[in-house]
Amino acid sequence: MSFDHRKIELKWQKYWEKEGLYQAKDFDKRLKQYILIEFPYPSGERLHVGHGRSYCCLDAVARLQRMKGRNVLFPIGWDAFGLPAENYAIKTGIHPSITTKENIANAKKQAQSWGLSFDWEREINTTDPDYYRWTQWIFLQLYQKGLAYKAEIPVNWCPKDKTNLADEEVVAGKCERCGTPVERRTQSQWLLKITAYADRLIDDLETVDYREDIKAQQVNWIGRSEGAKIAFKILDLESKIEVFTTRPDTLYGATFLVLSPERAQEVLGKGVRPEVEDYIRKALKKSELQRQEQAKEKTGVFSGFYAQHPLTGEKLPVWVADFVLSGYGTGAIMAVPAHDQRDFEFAKKYDLPVKEVIKSEVGSALSKQPFKGEGTLVNSGEFDGLQSKVAIDKITQFLEQKKLGERAIDYKLRDWVFSRQHYWGEPIPIIFCRHCWERKSEKEQKEAREGIDFVKIAGKEHAVVTVSGEDLPVELPYVENYKPTETGESPLATVKDWVNVRCPICKSQARRETDTMPNWAGSSWYFLRYLDPKNDKKFANPDKLKYWLPVDWYNGGMEHTTLHLLYSRFWHKVLFDLGLVPTKEPYARRTSHGVVLGTDGQKMSKSRGNVTNPDEVVAEFGADTFRMYEAFMGPFEQMIAWDPKGVLGVHRFLDRVWKAHEEVSSQQPAVSSKELERELHRLIKKVEEDTLNLKFNTAIAAMMAFINEVASSEYLVAREDWQLFLEVLAPYAPHLSEELWHDLGEEGSVHRQSWPKWDPKLIKEETVTIAIQVNGKFRGTVAVSAGAAEEEVVARAREVESVKRYLEEGKTTAAGGVPQKAGLAKTIFVPDNLINFVVS
RNA sequence: GCUGAGGUGGCGGAAUGGUAGACGCGCGCGCCUCAAGAGCGCGUGGUGGCAACACCAUGAGGGUUCGACUCCCUCCCUCAGCACCA
């Protein structure tokens with residue numbers, strides 16, 4: 001008969017909670033193991049099967065590690081600031097703090113119904129003032145270190161969400177969240193200087209265990225390239241244009257310069273020809289997306305100016321074109337049409353000269369396409385004949401000597417735009433004070449203007465003053481209207497008695513920063529707060545940080561590789577530099593679970609109607625079935641479709657375990673067969689190894705095979721052996737294994753047992769089946785005692801009927817009936833495994 | 001274009017130098033049953049053959065090896081990330 005999960009699951013969940021089974025102990029002598037899953041956003045949609053994949057599988061790991069004697073920390077919390085709660089509030093008028101609370105309560109109930117072994121004592125919530133107090137505090141550390149600054153910059157503006165976005169949040173020119181094309185706007189924004197950490201964010205990847213593609217994505221995103229900055233003098237203007245290139249070896253091939261529209265405006269000023277001004281104005285109005293869409297056809301305009309080639313002195317025309325990006329390098333390039341695809345296309349279109357300076361070995365057709373590779377320099381004065389690699393060095397050196405240029409490294413990574421003009425986020429703990437500004441000496445004001453310590457409000461300069469530590473948190477005030485504004489001003493600006501505040505320094509009337517932090521702020525350090533969630537003196541006790549860090553295993557979604565993962569590594573490194581955390585890297589190991597697709601193989605979405613609700617699965621089949629299916633459905637790191645039939649298969653397995661238990665416990669005293677004992681010990685080894693190597697699917701497959709074996713052996717299993725099996729099952733099916741464990745009359749929890757030790761002697765078979773090959777082709781098997789010598793195996797194998805005829809001299813082989821002489825050339829013998837007769 | 005991961009039965013997938021297809025789904029046959037959509041048992045890569053058995057088969061082609069899904073080379077395709085990044 002089938003077991004009734006409803007009768008057992010709640011019972012054991014309550015029991016575990018009462019026993020405090022999953023509480024991590026600070027400073028315990030056992031080896032620590034910090035297992036982390038990305039904490040969920042508590043949305044109205046509840047937890048979905050994708051959360052289940054991550055949580056259920058890592059829960060099995062946590063449970064296994066506990067049984068292996070580790071002091072396991074497996075925490076959870078809520079990443080609760082963000083737009084959905086705010087949008088919901090705008091629609092319904094219900095305050096986000098209320099919906100957030102409800103959503104958390106619901107999600108928590110779900111997580112508990114899955115029997116996850118989280119340490120609920122350490123639960124955190126990023127919207128809790130006791131939590132975001134420290135988010136604000138860390139922001140102030142960044143500010144004081146010069147890593148946070150406010151600047152007028154072009155930002156990515158989403159007209160639908162009415163907010164600006166970090167570069168990382170813009171995908172193909174569209175808002176990552178809602179898909180609306182992003183506009184360019186100039187706004188005063190807070191930025192975090194993540195670029196200062198670019199090198200370390202790349203280099204330190206060497207020290208951590210992340211999957212290849214995760215590392216590659218981070219490296220690509222940061223996009224470091226080495227080259228040189230070279231200065232070109234503009235004739236008739238007292239200025240220079242600096243360009244960045246990774247190919248100084250092609251310098252002699254530069255036939256014109258191109259400025260981005262943004263840079264052109266700066267360098268050339270107002271007095272340019274009308275068509276140039278017109279081009280610049282139009283280009284600046286284009287959105288990111290428009291620029292990308294028009295990328296196929298390059299446009300540009302001659303500026304009317306010429307620059308001087310630093311080495312040849314030639315007159316090079318200066319063009320303005322929007323294929324040159326303002327945000328990369330210096331916003332200006334030297335165009336080498338002979339050796340760069342884009343420059344080539346541009347030169348062809350506007351009939352600009354193409355000058356070959358790199359000869360390829362195979363010869364090239366420069367009339368049709370540029371040669372982009374490395375080769376030997378020609379037409380390059382004294383550098384002729386050098387190889388590209390050498391020339392890059394020599395030319396750069398030469399430029400440095402003549403003070404015409406210098407070695408340079410550039411990154412695709414931009415500083416992180418950190419302020420949002422929204423309600424539901426952490427207030428940025430900054431105050432702007434006019435009086436403090438006026439009190440400054442002229443020299444101080446000049447320094448401030450050159451630095452970052454001032455802000456213009458309504459045309460007037462204000463000093464930037466930090467909220468002092470004891471005034472934290474700056475609590476988010478209650479507002480009537482959460483709606484973001486068209487102007488991009490935060491809704492907080494309307495809360496007059498919150499905005500107007502006494503300056504903490506001079507006590508005069510000042511105003512608060514009304515922007516809030518992006519939803520990535522709270523998640524950038526949450527794994528630290530789990531270590532000491534109730535500390536009201538520090539973000540965490542240093543000794544606890546020392547004991548628990550780094551996170552041993554962090555699992556989460558691939559979509560966070562260039563967002564959350566990069567941001568939190570950055571914050572951690574800043575904290576490390578401040579001596580506030582003991583490790584350079586937060587996460588020793590990072591894995592990513594594959595996305596769970598709908599039953600139709602498409603992304604799950606309400607509009608497609610292919611969403612599986614985990615609660616329904618749990619209600620019908622139980623948490624153990626749900627958990628095991630999540631782990632069994634396929635390779636953990638691979639995208640995979642939800643299959644209701646597969647759920648059924650796992651459920652049948654658990655039924656068979658239940659049945660086996662009844663049979664086994666009614667047939668006592670029984671003795672396990674040698675064969676079964678061997679299988680059991682192999683199972684222990686396999687489940688342990690596979691679980692730690694995230695091969696959850698094969699771990700479960702092995703358990704299934706074992707139960708099939710038990711059934712075919714008439715359930716003759718010794719009670720001790722059955723107990724071992726229940727212990728092996730426990731990490732994956734915690735409720736059922738606990739029920740059956742107690743049914744055997746055992747005291748205490750199965751989850752408190754130590755993980756069974758597999759016996760290497762038992763795993764070895766007494767008799768082994770040797771595969772027999774002739775010329776590498778499988779022809780039969782022979783059973784011999786383990787460790788049998790080659791001579792014995794050869795002798796036995798030769799007698800096997802299916803093998804014999806391939807070895808007899810002068811006999812005809814079956815293949816095509818061609819007569820062959822079978823002379824034995826040699827034999828390959830792999831002990832306890834295989835014998836291969838090589839016949840000529 | 002660059003970077004990364006892949007390509008194995010009807011399907012999800014096992015096996016990283018040694019008997020390809022574990023385990024699950026599906027399908028077929030049988031048992032149980034008034035009857036099953038439940039359960040149990042057996043079978044299940046393809047081709048030929050009554051059968052024993054043989055041959056073919058891991059995207060394509062080549063190579064290394066006694067032996068290749070696995071290692072090397074060339075090519076094709078799929079997925080993911082980035083992309084006018086100079």
Side-chain angles (χ1 to χ4, degrees), chain A residues 1-2 171-172 211-221 223-225 227 243-247 250 258 260 291-292 294-296 298 321-325 327-336 339-343 345-346 372 410-413 558-559 561-562 594-595 601 629 632-635 637-650 652-653 655-656 659 695 697-708 711-712 769-781 801-802 813-817 825-830 833-840:
Chain A
M1 267 283 96
S2 175
V171 176
R211 216 176 52 199
E212 246 351 275
D213 54 340
I214 300 175
K215 285 190 184 184
Q217 258 188 55
Q218 295 224 342
V219 171
N220 284 347
W221 187 261
R224 169 163 65 190
S225 33
V243 303
F244 174 73
T245 178
T246 54
R247 294 290 301 273
T250 65
V258 190
S260 64
R291 272 207 193 184
Q292 277 177 25
Q294 291 162 10
K296 284 152 231 145
K298 291 185 175 43
D322 68 1
F323 81 86
V324 176
L325 305 174
Y328 184 75
T330 61
I333 60 154
M334 63 175 202
V336 185
H339 305 293
D340 180 279
Q341 186 67 39
R342 299 148 299 183
D343 300 350
E345 285 167 22
F346 196 78
K372 290 170 279 186
D410 226 304
Y411 306 89
K412 291 188 207 171
L413 185 70
M558 217 42 213
E559 69 276 18
T561 303
T562 52
V595 176
Y629 177 66
F632 182 65
M633 61 192 301
E637 310 210 78
Q638 204 167 293
M639 218 191 265
I640 199 146
W642 186 271
D643 177 10
K645 290 280 175 48
V647 177
L648 223 55
V650 170
R652 281 187 202 125
F653 162 69
D655 261 349
R656 285 202 296 274
K659 183 184 173 202
K695 292 164 75 176
N697 53 334
T698 50
I700 292 172
M703 290 187 237
M704 290 172 165
F706 179 75
I707 287 300
N708 294 346
S712 63
T769 306
I770 302 257
I772 307 167
Q773 298 181 342
V774 178
N775 285 345
K777 208 157 188 65
F778 174 70
R779 295 298 179 188
T781 60
E801 276 307 317
S802 59
T813 61
K826 62 170 165 176
T827 57
I828 307 286
F829 177 63
V830 184
N833 193 334
L834 164 143
I835 181 94
N836 184 13
F837 295 108
V838 184
V839 171
S840 57

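Just so we're on the same page: letters track the sequence lines, and every chain starts at 1. Note that this is a predicted model, so its numbers are computed, not measured.
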Measure the distance from [atom1] on [X] to [atom2] on [N] and round it to the nearest whole Å.
X         : N      : atom1 : atom2 : answer
Phe778(A) : C69(B) : CZ    : P     : 15 Å
Met703(A) : G24(B) : CE    : C1'   : 14 Å
Gln218(A) : C2(B)  : CD    : P     : 23 Å
Tyr629(A) : C23(B) : OH    : C1'   : 13 Å
Met558(A) : U3(B)  : CE    : P     : 16 Å
Asp343(A) : G1(B)  : CG    : C1'   : 16 Å

Taking only the [atom1] atom of each, what is the distance from [N] to [M] in whole angstrom?
N      : M      : atom1 : value
G41(B) : G46(B) : P     : 24 Å
G12(B) : G59(B) : P     : 14 Å
G13(B) : A22(B) : C1'   : 10 Å
C32(B) : C40(B) : C1'   : 8 Å
G45(B) : C69(B) : C1'   : 15 Å
U78(B) : C73(B) : P     : 23 Å
A68(B) : A20(B) : P     : 11 Å
G37(B) : C25(B) : P     : 16 Å

Report the residues that fulfil side-chain contact (heavy atoms from CB on, under 4.5 Å) with Gln638(A), sequence neighbours left out, ordered by chain and then residue number.
->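 Expected list: Pro635(A).
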Taking only residues two or more places apart in sequence, or in another chain, which ones meet Lys412(A) in a side-chain contact (heavy atoms from CB on, under 4.5 Å)?
->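 Partners of Lys412(A) under the side-chain contact (heavy atoms from CB on, under 4.5 Å) test: Tyr328(A).
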Whichever of Ala216(A) and Gly646(A) has its nearest RNA chain B nucleotide further upstream toward 5' |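 Its nearest nucleotide lies further toward 5', so the answer is Ala216(A).
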Most 5' of Lys777(A) and Thr330(A) on RNA chain B, judged by nearest nucleotide =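 The 5'-side residue here is Lys777(A).
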Which glycosidic conformation, syn or anti, is assigned to G28(B) if syn requires a torsion within 90° of zero?
->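 Here G28(B) takes the anti form, which means its glycosidic angle is more than 90° from 0.
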Nucleotide-resolved protein contact map, nucleotides 7-18 of chain B, B/S/- at heavy-atom distance under 4.0 Å = -----SSSS--B
Taking protein heavy atoms under 4.0 Å as touching, what does nucleotides 36-45 of chain B look like 5' to 3' if B marks base contact, S marks sugar-phosphate-only contact and - marks none?
-> ---SS-----
Is Arg211(A) salt-bridged to Asp213(A), going by a charged N under 4.0 Å from an acidic O?
->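 Looking at Asp213(A) together with Arg211(A), the answer is yes, because their closest N to O distance falls below 4.0 Å.
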Please report the C-alpha distance between Gln218(A) and Thr561(A) in whole Å, then the side-chain angles of each, then the deciding distance to 0.1 Å, and finally whether the side-chain contact (heavy atoms from CB on, under 4.5 Å) criterion is met.
-> CA-CA 7 Å; Gln218(A) 295 224 342; Thr561(A) 303; 3.8 Å; yes
Kindly give the atom pairs (protein nitrogen or oxygen, nucleotide nitrogen or oxygen) under 3.5 Å for nucleotides 81-84 of chain B.
residue, atom, partner, partner atom, Å
C84(B), O3', Arg342(A), NH1, 2.8
C84(B), O2', Phe323(A), O, 3.0
C84(B), O2, Lys298(A), NZ, 2.6
C84(B), N3, Ala295(A), O, 3.3

Where the side chain of Met704(A) is defined as all heavy atoms beyond and including C-beta, which of C25(B), A54(B), G24(B) is the nearest nucleotide?
->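 So the nucleotide nearest the side chain must be G24(B).
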Tyr328(A) side chain, from C-beta outward: closest of A86(B), G4(B), U19(B) =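 Per side-chain heavy atoms of Tyr328(A), the pick is A86(B).
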Dot-bracket notation for RNA chain B, counting Watson-Crick and G-U pairs under 3.5 Å, with | for partners on another strand = (((((((..(((.....[....)))((((((.......))))))((((....))))..(((((..]....))))))))))))....
Under 4.0 Å between any heavy atoms, over every strand shown, what does [X] touch: base, sugar-phosphate, or nothing? Just pick one.
X         : answer
Asn708(A) : sugar-phosphate
Thr827(A) : nothing
Arg211(A) : nothing

Is there a donor-acceptor contact under 3.5 Å from the side chain of Asp643(A) to the main chain of Lys645(A)?
->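 At least one qualifying donor-acceptor pair exists.
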How far apart are the C-alpha atoms of Met704(A) and Ile700(A), what are their side-chain angles, what is the distance that settles it, and do they pass the side-chain contact (heavy atoms from CB on, under 4.5 Å) test?
-> CA-CA 6 Å; Met704(A) 290 172 165; Ile700(A) 292 172; 4.0 Å; yes
